Amino acid sequence: EEGDSAITRYNLADIVYAKAEVDCSQGIVNLWLGADVMLEYTYEEALELLTAKESKAKQDLEDVTEDLSFTRNQIITCEVNISRVYNWDVRRKRASAAGSN
């Protein structure tokens with residue numbers, strides 16, 4: 001609406017933020033898309049884009065968490081198998097040493 005403004009912080013550098021007062025009456029927002037690309041969107045378009053990206057990021061997080069769980073299980077399985085092979089080798093060496101005495 002006319003005369004509306006919002007106070008926000010924006011990123012100047014990696015760990016440096018600045019405070020700014022933003023005029024909200026324009027009905028547009030500029031979104032930084034990365035790779036030196038910034039585009040201008042209306043509020044509705046920006047909200048739609050950001051909502052879609054948020055849902056995609058949540059789905060990706062879920063997928064990565066599932067993959068991590070699978071990888072942990074595979075590591076545990078490998079450790080158990082390594083232990084079994086080691087114990088088998090120890091028993092074999094003991095039996096071989098006992099047989100040669």
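For clarity, every value in this text was computed on a predicted model and none was experimentally measured.
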*Asks:* Assigning hydrophobic clusters by single linkage (Ile, Leu, Val, Met, Phe, Trp, Tyr; side-chain heavy-atom cutoff under 4.5 Å), is L47 placed with L31?
*Replies:*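 No.
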*Asks:* So how far is it from T77 OG1 to N73 CG, rounded to the nearest 0.5 Å?
*Replies:*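 Reported to 0.5 Å precision, the distance equals 6.5 Å.
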*Asks:* Working to the nearest 0.5 angstrom, can you tell me the gap between I28 CD1 and Y43 OH?
*Replies:*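 Those atoms lie 8.0 Å apart.
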*Asks:* Drop me the distance from N87's CG to R91's CZ, to the nearest 0.5 angstrom.
*Replies:*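 It is 6.0 Å, given to the nearest 0.5 Å.
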*Asks:* Any chance you could measure S55, atom OG, to L50, atom CG, to the nearest 0.5 Å?
*Replies:*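 Those atoms lie 11.0 Å apart.
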*Asks:* Flag yes if more than 12 heavy atoms outside R92 fall under 6.0 Å of its CZ atom; otherwise flag no.
*Replies:*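 Yes, CZ of R92 has more than 12 neighbouring heavy atoms, counting only those of other groups under 6.0 Å.
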*Asks:* Verify the neighbour count for atom CD of E66: are there more than 12 heavy atoms of other residues, nucleotides or ligands below 6.0 Å?
*Replies:*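 No.
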*Asks:* Which side-chain N or O atoms in residues 57-64 pair as donor and acceptor under 3.5 Å with protein atoms at least two apart or in another chain?
*Replies:*
from	atom 1	to	atom 2	distance (Å)
Q59	NE2	D63	OD1	3.0
D60	OD1	K56	NZ	2.8
D60	OD2	K56	NZ	3.2

*Asks:* Check for me, please, whether I75 and I82 land in the same ILVMFWY cluster - side-chain distances under 4.5 Å, paths through other members count.
*Replies:*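 Different clusters.
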*Asks:* Enter the distance from I76:CD1 to T71:OG1 here, rounded to the nearest 0.5 Å.
*Replies:*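 Interatomic distance, I76 CD1 to T71 OG1, rounded to 0.5 Å: 11.0 Å.
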*Asks:* Could you tell me if R84 sits above the aromatic ring of W88, with its cationic atom closer than 6.0 Å to the ring centre and no more than 45 degrees from the axis?
*Replies:*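 No, R84 and W88 do not form such a contact.
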*Asks:* Can you establish whether the number of heavy atoms outside E48 located under 6.0 Å from its atom CD is more than 12?
*Replies:*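 Atom CD in E48 is not packed in, count stays at 12 or less.
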